[in-house]
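Residues: numbered from 1 along the sequence shown. Side-chain atoms are counted along with the backbone in the values below, which use heavy atoms only and exclude waters and symmetry mates.
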Amino acid sequence: MNTPQQDNPSSDFSRRRFLGAAATLTAGLLFSRQLSWAGSAQPDLLDVFAKGKPRYKIAVVDLMILKRQKLSAFQLAKDLGADGLEVDMGGLGQRETFDSQLANPDTRKQFLDKAKELNLEICSLAMTGFYAQSFATRATYQRMVQDCIDTMKAMNVKVAFLPLGIQGDLKKNPGLRPAIVERLKVAGKMAEEAGVVIGIETALDAAGEVQLLQDIGSPAIKIYFNFANPLSEGRDLYRELKILGKDRICMIHCTNKDGVWLQNDKQVDMKKVKKTLDKMKWKGWLVIERSRDQTDPTNVRKNFTANTAYMKSVFQ
C-alpha cells in the first residue's frame with residue numbers, strides 16, 4: 001500500500017518548476033496560435049482569449065433531438081456536448097398562433113433556470129411551424145411573429161429562425177414574392193423595435209437572397225444559412241457563403257440531409273467551411289439539425305453526439 005509522502009523543500013521546489021514550465025508551454029502555444037493566424041483573417045483575439053469566448057459555438061435543435069419545448073431538452077443537449085439549444089416555438093397547424101408553452105412565465109423561468117444551471121445558452125427560437133404553413137397567406141402572421149418576439153424579449157434571445165418552407169418556396173412560387181417581401185418588411189420593423197433579428201431560410205441561391213434582403217430593406221432580417229440547401233442543388237457551398245458575406249448571415253444550420261454523419265460526408269469539407277468563415281470574419285452559432293446515420297436515424301444520442309464532437313474538433 002502506498003503511503004503519503006511527507007512535504008519537503010525539494011518536492012515543493014520540483015512542483016514549482018513543473019508549474020512554471022507548464023505556464024511557459026501554455027503561453028508558447030497561444031503565441032504560436034496567434035502567429036499561425038498572421039497574414040490571414042485574424043479572429044478577435046481579445047474576444048477569443050481574454051474573455052474566454054470561442055469564435056464559434058455549437059448548438060442542437062430541440063425539435064430534432066425529439067424534445068420539442070421540453071425542459072429535458074437542456075440536459076440532453078448537455079449530454080450531447082453542445083454549447084446551446086435552439087428552442088422551438090411549438091406547433092402551428094391551423095391555430096391563430098403557435099402552440100407555445102413559453103407563453104407561460106413560469107415555464108419560461110424553468111427553461112431559463114435549467115439553462116443557467118447547465119451552463120447552456122438558448123441560441124435562438126424557431127418558428128418551424130412555417131416549414132409546412134404559408135407565411136405569405138396566413139392571416140394572423142403578425143400575431144405569430146409578435147408572440148415569438150415577445151418570447152425572445154422575455155428570455156433574452158436575440159435571434160429567431162423563420163423558414164419560408166414548402167409553401168413559401170420562391171423558386172417554385174415566384175408569384176408569392178411581393179406578399180412575402182411586404183410581410184417581411186412588417187416583421188423587420190417589429191424586430192427592429194424589439195432589438196432582435198429574424199433569420200429567414202429560403203430556397204433561393206445566395207445571389208437571390210442578397211436581392212431579397214435588399215428588397216426587404218431591414219437590418220433586422222438576415223439569412224439563417226442552411227448547408228443542405230446549396231448542397232442539395234449542387235451549388236458551391238463555400239462560394240454561397242462568400243456571396244452572402246458576414247453581415248447578412250445571422251446563424252447557420254451546419255448540417256446536410258440525413259445519410260451519414262458530418263465527419264463522413266464527402267459533400268462537405270468542414271475545414272474548408274471554417275477557413276471560409278474565418279476569412280469572412282464571421283462568428284456565431286453553428287446549429288446541428290440533421291446529418292443522421294441512415295442506418296440508425298432515431299438514435300439521438302449516437303447521431304448528435306458524433307456530430308457535435310466532430311464540429312467541436314474542427315471549430316473549437
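Met251 places a side-chain heavy atom less than 4.5 Å from the side chain of Ser124. Using a 4.5 Å heavy-atom cutoff, the side chains of Gln69 and Phe98 are not in contact. When side chains are defined from C-beta on, Gln94 counts as touching Gln133, because their heavy atoms get closer than 4.5 Å. Arg292 places a side-chain heavy atom less than 4.5 Å from the side chain of Met64. Proximity of Tyr224 to Leu162: side-chain heavy atoms (C-beta onward) are nowhere separated by under 4.5 Å. Contact of the Leu277 side chain with the Ile252 side chain is registered, since non-hydrogen atoms from C-beta on lie closer than 4.5 Å. Put simply, the side chain of Ile200 reaches to within 4.5 Å of the side chain of Leu212, judged on heavy atoms. Side-chain contact between Asp205 and Lys171: absent, with no pair of heavy atoms (C-beta onward) separated by less than 4.5 Å.
With hydrogens and angles disregarded, a donor-acceptor distance shorter than 3.5 Å links the side chain of Ser232 to the backbone of Asn229. Put simply, the side chain of Arg138 never gets that close to the backbone of Glu96: no donor and acceptor are under 3.5 Å apart. The closest donor-acceptor contact from the side chain of Asn303 to the backbone of Asp293 lies under 3.5 Å. Without hydrogens or angle criteria, Asp169 side chain to Lys172 main chain gives a donor-acceptor distance under 3.5 Å. Looking at Trp285, its side chain never comes within 3.5 Å of a backbone N or O of Ala59 through a donor-acceptor pair. Between the side chain of Thr107 and the backbone N or O of Leu102 there is no donor-acceptor pair closer than 3.5 Å. Proximity of a side-chain donor or acceptor of Arg183 to a complementary backbone N or O of Ile180 within less than 3.5 Å is not detected. Checking side-chain atoms of Asn307 against main-chain N and O of Ser291 turns up a donor-acceptor pair under 3.5 Å. Between the Lys222 side chain and the Asp247 main chain, a donor and an acceptor come within less than 3.5 Å of each other. Checked by atom type and distance alone, the side chain of Lys312 pairs as donor or acceptor with a backbone atom of Gly81 at under 3.5 Å.
Cluster membership for Leu63 and Leu80, using ILVMFWY side-chain heavy atoms within less than 4.5 angstrom, is shared. Residues Tyr131 and Val61 are members of one and the same hydrophobic cluster, defined by side-chain heavy-atom contacts under 4.5 angstrom among Ile, Leu, Val, Met, Phe, Trp and Tyr. Cluster membership for Ile166 and Met127, using ILVMFWY side-chain heavy atoms within less than 4.5 angstrom, is not shared. Val260 is not connected to Phe304 by any chain of hydrophobic side-chain contacts under 4.5 Å among Ile, Leu, Val, Met, Phe, Trp and Tyr, and they are in different clusters. Linking ILVMFWY side-chain heavy atoms closer than 4.5 Å, directly or via other members, places Ile243 and Ile216 in a single hydrophobic cluster.
Contact check on Lys189 versus Glu192 returns no salt bridge, with no Lys/Arg side-chain nitrogen under 4.0 Å from an Asp/Glu carboxylate oxygen. With salt bridges taken as basic N to acidic carboxylate O contacts below 4.0 Å, one links Lys302 and Asp296.
Taking all atoms of both residues into account, the shortest heavy-atom contact from Asp215 to Arg177 is OD2-NH2, 2.8 Å.
For Gln267 and Lys257, the side-chain atoms include at least one donor-acceptor pair closer than 3.5 Å. Residues Gln110 and Asp106 bring no donor and acceptor atom of their side chains to less than 3.5 Å of each other.
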(message) Set out, in order, the CA-CA distance, both residues' side-chain angles and the distance that settles side chain to side chain donor-acceptor pair (under 3.5 Å) for Asn226 and Glu289, then state yes or no.
(response) CA-CA 9 Å; Asn226 190 328; Glu289 190 180 36; 3.3 Å; yes

(message) Walk me through whether Tyr56 and Asp83 qualify under side chain to side chain donor-acceptor pair (under 3.5 Å).
(response) CA-CA 10 Å; Tyr56 305 102; Asp83 302 313; over 6 Å; no

(request) Determine, step by step, whether Met89 and Met152 satisfy the side chain to side chain contact (heavy atoms under 4.5 Å, CB included) criterion, reporting the C-alpha distance in whole Å, the side-chain angles of both residues, the deciding distance to 0.1 Å, and the verdict. (result) CA-CA 10 Å; Met89 278 295 293; Met152 294 169 75; over 6 Å; no

(message) Show, in sequence, the C-alpha distance, side-chain angles and deciding distance for Glu209 and Arg248, and conclude whether the salt bridge (charged side-chain N to carboxylate O under 4.0 Å, His left out) test is met.
(response) CA-CA 9 Å; Glu209 289 186 330; Arg248 296 188 185 97; over 6 Å; no

(request) Could you check Leu262 against Val314 for side chain to side chain contact (heavy atoms under 4.5 Å, CB included), going step by step and ending with a plain yes or no? (result) CA-CA 11 Å; Leu262 285 168; Val314 174; over 6 Å; no

(message) Pair Thr140, Thr97 - check side chain to side chain contact (heavy atoms under 4.5 Å, CB included), show working.
(response) CA-CA 7 Å; Thr140 59; Thr97 190; 5.9 Å; no

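Partners of Phe135 by ring-ring contact (aromatic ring centres under 6.0 Å, His included), not counting sequence neighbours, listed by chain and number: Phe130, Tyr141.
Within the cation-pi definition used here (under 6.0 Å to the ring centroid, within 45° of the axis), Lys272 qualifies as a partner of Tyr238.
A distance of 7.5 Å separates CG of Asp62 from CD of Glu86, quoted to the nearest 0.5 Å.
Under the ring-ring contact (aromatic ring centres under 6.0 Å, His included) test applied with His253, the options Phe227, Phe225, Phe161 reduce to a single match, Phe161.
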